Number of protein chains: 2
Amino acid sequence: MNKKTTIYDIAREAGVSTATVTRVVRKDPHVKEATRLKVQQVIDAHAYSPSISAQNLEGGRSRTLAIVLPVISNLYFNRIFDAAWWEAEKNGCSLRLFQTMENQAISPEIVSELIRCRMDGVLFAGSIWSEDRGDLNTALEKLGKYMPVATICPPDVSLDCICIQSDLVNCSRLPVRHLHTLGHRRIAFLGGSMHSKDTSRRGVGFLEQLRMMDLPDDPAYHVDAGYDMESGERAVLRMLSGLDRNRWPTAIVTFNDLVALGVMKQLKKMGLTLPEDMAIIGCDNQFFCAYTDPALTSVDLHPEEMAQSAVRELLLARESSSRSFAMVREATLIVRESCGVHLGFRKL
Amino acid sequence: MNKKTTIYDIAREAGVSTATVTRVVRKDPHVKEATRLKVQQVIDAHAYSPSISAQNLEGGRSRTLAIVLPVISNLYFNRIFDAAWWEAEKNGCSLRLFQTMENQAISPEIVSELIRCRMDGVLFAGSIWSEDRGDLNTALEKLGKYMPVATICPPDVSLDCICIQSDLVNCSRLPVRHLHTLGHRRIAFLGGSMHSKDTSRRGVGFLEQLRMMDLPDDPAYHVDAGYDMESGERAVLRMLSGLDRNRWPTAIVTFNDLVALGVMKQLKKMGLTLPEDMAIIGCDNQFFCAYTDPALTSVDLHPEEMAQSAVRELLLARESSSRSFAMVREATLIVRESCGVHLGFRKL
DNA sequence: ATTATTTTTGTTATCGGTAACATTTTTCTT
DNA sequence: AAGAAAAATGTTACCGATAACAAAAATAAT
């Protein structure tokens with residue numbers, strides 16, 4: 001295993017001082033062309049490039065951003081991470097991942113690791129199902145003393161930080177309005193913990209929207225479902241089997257596209273035809289939405305754009321100390337086939 | 001923005017030398033209990049923890065592994081990354097991502113960055129559609145001089161490194177055998193570049209398997225498809241529209257599950273009923289396979305396990321300099337509904 | 001009580017770069 | 001050609017932690 005060549009090796013071999021080597025590396029114009037050439041030659045010969053640790057130590061920064069999220073294997077967070085990564089890359093920064101698992105708060109270990117590493121900033125991408133907002137705020141507050149902090153979160157976090165959120169009002173309103181236009185009146189919502197106080201803003205917004213449109217908000221239409229396909233299957237089964245057929249909803253809005261996947265599977269298993277017997281709207285507009293049968297209408301929250309903005313703002317915040325920034329990204333309804341519009345469906 | 005407390009601050013405030021602080025932090029037993037307590041108190045008061053850069057500089061290592069892959073948003077690589085991340089984490093290491101895009105070779109920039117960072121090891125997860133094996137090998141060879149290297153790749157790379165690969169023989173054999181057992185004789189393969197020399201080992205293995213079983217390997221059954229859903233749609237349309245109905249294959253094996261998704265959509269659009277009119281087998285056993293309609297039979301290559309082993313071996317290789325390790329992970333066929341077995345289908 | 005041991009603590013060079021400042025060399029004026 | 005100004009290069013302290021070694025303090029042995 002080779003030992004890495006250092007600036008001293010280069011300086012010695014080129015017969016100059018380390019300062020000159022640094023100048024050449026940094027493309028400092030105050031170097032005679034002859035020296036520059038000689039030094040560059042030695043540099044090339046050894047494929048020398050300065051040690052990151054040494055640079056970081058001396059400079060006091062790491063040119064690295066941290067992103068803290070529950071799990072990268074979750075498609076939503078995967079998209080956020082990916083977008084953040086490229087944006088960081090574009091600005092000469094690297095991005096280091098920290099996963100919290102379901103445990104949404106940022107553990108003290110992560111906090112101290114972030115400080116230890118002299119991160120240039122943290123992007124916290126929490127999820128809508130977060131609970132321990134107290135712990136989270138404490139952690140973010142502490143981090144804020146050392147580096148710029150940005151959050152892509154539901155709108156609970158009232159911290160002095162770069163705060164980016166989805167437009168959950170529209171995220172709830174769009175599907176309900178769409179279904180209402182199509183003549184649906186009995187609309188169910190599956191996912192999240194509907195009746196828990198501080199979770200599932202999306203569900204709450206959904207309920208408000210129902211009331212605003214004078215639609216029935218029968219509690220039987222709001223089932224606590226999880227966030228994945230299996231939960232979707234179970235939830236829809238639980239909901240429908242507790243209801244007389246004539247009281248069944250005619251449309252189901254799900255917490256996300258995965259739940260929708262489960263719901264669709266279960267409905268087909270029960271012998272229903274989609275979208276004839278039930279309209280479905282998911283959320284997140286995942287890549288597979290166009291390939292379900294029927295193709296799934298979904299709400300796009302544009303996580304990529306949010307991540308991009310977050311990273312951009314974090315990098316700006318490094319320079320200027322004024323770092324308050326807030327943004328709400330509008331949601332978009334992507335209409336496909338799962339409500340039957342393409343067939344001209346309209347409930348009476 | 002707080003300045004980070006250093007070991008000097010702690011030493012001064014506790015009235016000891018920095019060496020003692022280090023001892024306390026490192027839980028060195030050669031410290032009087034009274035001093036230990038006093039120092040610990042100051043440490044806690046300031047939430048002090050040693051700077052990573054300084055530690056890395058002094059120690060000459062980074063406790064960081066690098067993973068180089070095409071794109072993290074690709075589900076296959078996402079799974080590899082995720083598994084590698086947790087395995088690294090479990091061993092007190094962090095994992096830094098490098099994305100190469102379609103450009104499969106490791107750019108010189110990435111190579112030098114890896115050396116600059118004194119990575120403890122690199123895991124290269126290439127894809128089956130890699131081309132520039134020459135460049136790649138050069139890069140890996142160079143890296144090998146500085147750190148342990150592991151690859152999760154098709155079996156081209158003949159380098160002195162930790163070499164982990166999928167069992168592409170079985171990956172091709174399993175679906176063909178399965179279909180053969182079900183009575184299929186005209187089996188098509190969609191995906192990869194079938195007739196290119198150095199790509200798509202999977203397709204090549206597939207062809208060999210067909211011949212071994214005395215099944216027709218009509219060139220019309222092997223269409224160059226891409227690696228995503230759109231390509232799948234187009235490819236199957238191209239293949240079938242060029243063929244008399246009675247020469248249509250009765251089963252299609254695809255390069256991966258995404259292609260399968262596209263194929264299924266296109267077939268339905270053409271009015272076929274699945275799995276009655278066409279059997280389909282995908283590859284990768286992605287999460288959505290159980291939720292397509294019909295549920296997609298697929299081959300699992302167990303990327304997670306490969307990633308885990310790779311990381312484990314990389315970490316071992318840090319210590320012992322003997323670092324040759326090879327492993328081939330068997331593939332597994334996950335039977336679902338897309339070949340109709342659950343309905344007792346059997347071609348005659 | 002004195003010396004020998006052991007335990008605890010401090011001193012200092014080092015890791016690899018950077019940049020302020022000092023010094024030397026070159027070029028330009030007059 | 002002498003002195004001033006500009007350009008090129010070198011010296012050195014510092015970033016924050018670590019560990020080998022030295023030194024001091026505490027304990028044990030005689």
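A, B, ... follow the sequence lines: proteins, then strands. Residue 1 opens every chain. FYI, side chains are in, hydrogens and waters are out, and symmetry mates aren't considered; it's all heavy atoms of this structure. Not measured: the values here are computed from a predicted model.
Within a heavy-atom distance below 4.0 Å of DNA chain D, no residue of residues 109-121 of chain B is found.
Listed for the B:D28 side chain is a donor-acceptor partner under 3.5 Å among the backbone atoms of B:H30. Between the side chain of B:R116 and the main chain of A:P50, a donor-acceptor pair closer than 3.5 Å is present. Panel note: side chain B:T6, backbone B:Y8; a donor-acceptor pair is recorded below 3.5 Å. The backbone N or O of B:G59 lies less than 3.5 Å from a partner atom in the side chain of B:R61, making a donor-acceptor pair. The closest donor-acceptor contact from the side chain of A:S53 to the backbone of A:S51 lies at 3.5 Å or more, if one exists at all.
At whole-Å resolution of the value, NZ in B:K27 and C1' in D:dT18 are 17 Å apart. Put simply, CD1 on A:I10 is 16 Å from C1' on C:dT18, counting in whole angstrom units. The distance from atom CG of A:N56 to atom P of C:dA19 is 13 Å, rounded to the nearest whole Å. Here C:dT12 presents its P atom at 17 Å from CD1 of B:I7, a figure rounded to the nearest Å. Atom CZ in B:R26 sits roughly 5 Å away from atom P in D:dT18 (whole-Å rounding). Atom CZ of A:R63 is separated from atom C1' of C:dG17 by 11 Å (rounded to the nearest Å). Rounded to whole Å, the distance from CG on A:D28 to C1' on D:dA8 is 10 Å. Rounded to whole Å, atom C1' of D:dG16 lies 13 Å from atom CZ of B:R12.
Annotation for B:S62 and B:D120: closest pair N-OD1, 3.3 Å, computed over non-hydrogen atoms. Summarising the geometry of A:I110 relative to A:I106, their closest heavy-atom pair is CG2-CG2, 3.6 Å, with the distance given to 0.1 Å. The two residues A:A47 and B:K142 have their closest heavy-atom pair at CB-NZ, 3.7 Å. The shortest non-hydrogen separation linking A:I152 to A:L123 is CG1-CD1, 3.7 Å. Across B:A88 and B:V311, no two heavy atoms sit closer than the pair N-CG1, 3.8 Å.
Here the side chain of A:L57 is nearest to one of C:dG16, D:dA17, C:dT18, namely C:dG16.
By the 4.0 Å N-to-carboxylate-O rule, B:R96 lies close enough to B:E113 to be salt-bridged with it.
Among the atoms of the strands shown, base atoms are found under 4.0 Å from some heavy atom of B:E58. Using a 4.0 Å heavy-atom cutoff across all strands shown, A:T6 reaches sugar-phosphate atoms only and no base atom.
Regarding contacts with the backbone of D:dG16, every side-chain N or O of B:Q55 stays at 4.0 angstrom or more from both OP1 and OP2. One finds a side-chain N or O of A:Y48 lying less than 4.0 angstrom from the OP1 or OP2 phosphate oxygen of C:dG17. Contact check, B:T22 against D:dT18: a side-chain N or O comes under 4.0 Å of OP1 or OP2.
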Protein and nucleotides 9-11 of chain D: nitrogen or oxygen contacts under 3.5 angstrom:
{"residue": "D:dT9", "atom": "OP1", "partner": "A:T35", "partner atom": "OG1", "Å": "2.4"}
{"residue": "D:dT9", "atom": "OP2", "partner": "A:K32", "partner atom": "N", "Å": "2.9"}
{"residue": "D:dT9", "atom": "OP2", "partner": "A:T35", "partner atom": "OG1", "Å": "3.0"}
{"residue": "D:dG10", "atom": "OP2", "partner": "A:S17", "partner atom": "N", "Å": "2.9"}
{"residue": "D:dG10", "atom": "OP2", "partner": "A:S17", "partner atom": "OG", "Å": "3.3"}
{"residue": "D:dG10", "atom": "OP2", "partner": "A:T20", "partner atom": "OG1", "Å": "3.0"}
{"residue": "D:dG10", "atom": "O6", "partner": "A:R23", "partner atom": "NH2", "Å": "2.6"}

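Considering CD of B:E304 and OG of A:S73, their distance stands at 9.0 Å, rounded to 0.5 Å.
Comparing the local axis fitted to the first five base pairs of the helix from C:dA1-D:dT30 to C:dT30-D:dA1 with the one fitted to its last five gives a bend of 50°, rounded to 10°.
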